Amino acid sequence: MKGVSVEIMGQNLTVASDENDEWVKSVAGTVDERIRKLRANGNTVSSVNIAILAALNFADELEHLKKEHQELIDRITAMKERLIDAIDGKLALEPVDARSKQGPGGEVGS
């Protein structure tokens, strides 16, 4: 694990990370930008309060993304099950002889 130097809220910090330097600096830049927006939009002057508000904002986004991610996984799983059922249903309707005579492209051989 290496240290990467970043600046957040005017403070120089060394962040220990296994990620590459550009990634760490990008994440730190995102945090710093969020804090700047909160500072510009609110009456909060305490650095601790601003940091807590930024953390709450990020946590809220993360929870929404987790929910959306799970919904997508559930939709994909349901679609996969419908496709499997459709394929199984089609195979069940085909005569066994026709399936055994099909070539690799699905065409019936002689």
Side-chain angles (χ1 to χ4, degrees):
M1 194 173 294
K2 63 183 184 313
V4 180
S5 184
V6 298
E7 184 177 325
I8 299 174
M9 293 177 49
Q11 301 291 314
N12 289 313
L13 305 163
T14 301
V15 178
S17 177
D18 289 330
E19 296 291 339
N20 66 50
D21 293 4
E22 289 75 29
W23 175 260
V24 175
K25 288 178 181 181
S26 175
V27 171
T30 300
V31 171
D32 193 52
E33 180 63 27
R34 180 65 54 90
I35 288 170
R36 287 178 195 273
K37 285 181 183 177
L38 287 169
R39 203 174 251 167
N41 292 336
N43 298 328
T44 305
V45 290
S46 164
S47 295
V48 172
N49 287 350
I50 290 174
I52 290 169
L53 287 173
L56 286 170
N57 274 264
F58 285 122
D60 180 60
E61 283 182 32
L62 176 63
E63 291 304 314
H64 283 288
L65 290 171
K66 282 180 180 178
K67 182 181 176 193
E68 288 176 26
H69 181 254
Q70 188 58 54
E71 288 170 355
L72 286 171
I73 289 173
D74 293 345
R75 285 179 56 198
I76 290 168
T77 300
M79 291 169 82
K80 179 187 80 170
E81 290 171 3
R82 286 198 329 251
L83 282 170
I84 289 170
D85 290 345
I87 290 168
D88 287 346
K90 181 169 174 62
L91 289 176
L93 294 175
E94 290 183 8
V96 175
D97 287 346
R99 278 189 271 151
S100 63
K101 292 179 182 177
Q102 286 183 347
E107 58 281 340
V108 177
S110 50

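Bear in mind that the values here come from a model prediction, so they are computed numbers and not experimental data.
Going from atom CD of E33 over to atom CG of L38 covers 10.0 Å, rounded to the nearest 0.5 Å. R39 contributes atom CZ, which lies 4.0 Å from atom CD1 of I50 (distance to the nearest 0.5 angstrom). Taking OG of S5 as the reference point, atom CG of D21 lies at 10.0 Å (rounded to 0.5 Å).
Residues S47 and M9 have side chains in contact (heavy-atom distance under 4.5 Å, counting atoms from C-beta outward). Using a 4.5 Å cut-off on side-chain heavy atoms (C-beta onward), K67 and Q70 make no contact.
More than 12 non-hydrogen atoms from other residues, nucleotides or ligands lie less than 6.0 angstrom from NZ of K2.
A pairwise comparison of heavy atoms in A16 and M1 identifies CB-SD, 3.7 Å as the closest pair.
The closest donor-acceptor contact from the side chain of K80 to the backbone of R75 lies at 3.5 Å or more, if one exists at all. Using modelled atom types, no side-chain atom of S26 and backbone atom of E22 make a donor-acceptor pair closer than 3.5 Å. D60 contributes no side-chain N or O that, together with a main-chain N or O of L56, makes up a donor-acceptor pair within less than 3.5 Å.
Here the rule is side chain to side chain contact (heavy atoms under 4.5 Å, CB included) with V6, and of D32, V24, T14 only V24 fits it.
Cluster membership check: F58 does not share its hydrophobic cluster with W23, using side-chain heavy-atom separations under 4.5 Å among Ile, Leu, Val, Met, Phe, Trp and Tyr. Residues I8 and V4 share a single hydrophobic cluster, defined by chaining ILVMFWY side chains whose heavy atoms lie under 4.5 Å apart. Note: the hydrophobic cluster containing V15 also contains I35 (ILVMFWY, side chain heavy atoms under 4.5 Å, direct or indirect links).
Judged purely by distance below 3.5 Å, without hydrogens or angles, the side chains of N57 and E61 never pair a donor atom with an acceptor atom.
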